[in-house]
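Below you'll find the structure, written out as structure tokens, and then a few comments.
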Amino acid sequence: MRESDKSSDKMRRKRLWSAFSLFNLLEKDLGLKLFIRTHRRLVLTEAGKSLYKDAKYIIQYCKESVERAKKAMEEKDNIIRIGTSPMTPANMKPDNFIHQYPLSTMQAVLCLLI
């Protein structure tokens with residue numbers, strides 16, 4: 001066996017051992033039996049299947065949440081607010097603005113001084 005193959009095999013065994021250790025810690029921490037261990041493989045128990053299904057849902061929900069947050073941030077950045085008051089009305093021409101900044105939204109805000 002070549003030296004590089006030995007090294008690669010050793011790394012594989014080390015990663016596998018780390019994964020088994022993490023699985024054992026997870027089961028102990030949760031107080032659940034998540035896997036049926038055989039000589040050849042790990043098989044999820046019903047509890048393991050349930051936890052896996054929920055974990056996938058939570059991970060997907062988190063990814064979607066991040067995307068919604070990014071979209072909200074982008075939308076906020078594309079709004080330009082122009083303040084005006086009854087005493088000093090702004091001379092706004094929305095048509096020019098829309099052509100010059102097609103990806104932005106213009107909001108006129110009426111400011112009342114009390």
Side-chain angles (χ1 to χ4, degrees):
M1 185 180 246
R2 290 188 341 208
E3 195 62 36
S4 63
D5 290 340
K6 288 179 187 176
S7 176
S8 177
D9 190 45
K10 185 177 180 181
M11 290 294 290
R12 243 189 323 272
R13 282 195 310 262
K14 193 174 188 178
R15 282 193 301 252
L16 192 58
W17 177 254
S18 295
F20 284 134
S21 297
L22 288 174
F23 293 154
N24 289 336
L25 287 172
L26 181 62
E27 285 181 324
K28 184 177 179 182
D29 189 50
L30 297 175
L32 298 169
K33 183 168 169 103
L34 302 174
F35 302 97
I36 298 169
R37 291 159 175 81
T38 68
H39 294 298
R40 294 182 182 248
R41 61 185 180 152
L42 291 175
V43 179
L44 285 171
T45 63
E46 290 304 313
K49 289 175 186 176
S50 176
L51 189 65
Y52 177 73
K53 180 181 171 187
D54 291 343
K56 279 179 53 175
Y57 172 79
I58 291 168
I59 290 167
Q60 184 59 38
Y61 186 81
C62 289
K63 287 178 182 178
E64 291 170 5
S65 178
V66 169
E67 289 305 312
R68 284 191 300 273
K70 286 180 181 178
K71 188 174 181 181
M73 187 174 69
E74 290 170 2
E75 288 174 1
K76 183 179 177 190
D77 289 344
N78 290 334
I79 296 173
I80 297 175
R81 291 180 179 86
I82 299 172
T84 185
S85 75
M87 301 300 289
T88 57
N91 186 9
M92 295 183 291
K93 297 183 179 174
D95 293 337
N96 293 342
F97 177 85
I98 291 169
H99 292 297
Q100 194 169 359
Y101 303 100
L103 298 177
S104 296
T105 303
M106 183 177 73
Q107 292 181 349
V109 180
L110 181 61
C111 301
L112 297 176
L113 300 175
I114 299 176

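These numbers were taken from a predicted model, which means no experiment stands behind them.
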Rounded distance [0.5 Å steps], [atom1] in [X] versus [atom2] in [Y]:
{"X": "Leu25", "Y": "Leu30", "atom1": "CG", "atom2": "CG", "value": "10.5 Å"}
{"X": "Ile58", "Y": "Ser65", "atom1": "CD1", "atom2": "OG", "value": "12.5 Å"}
{"X": "Lys28", "Y": "Leu34", "atom1": "NZ", "atom2": "CG", "value": "14.5 Å"}
{"X": "Phe35", "Y": "Arg41", "atom1": "CZ", "atom2": "CZ", "value": "13.0 Å"}

### Message
Tell me whether Leu44 shares a hydrophobic cluster with Leu26, the cluster being built from Ile, Leu, Val, Met, Phe, Trp, Tyr side chains joined at under 4.5 Å.
### Response
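Yes, Leu44 connects to Leu26 through the hydrophobic network.
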### Message
Is there a side-chain contact between Leu42 and Arg37 in this structure, where contact means two heavy atoms from C-beta onward sitting under 4.5 Å apart?
### Response
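The answer is yes; the side chains approach within 4.5 Å.
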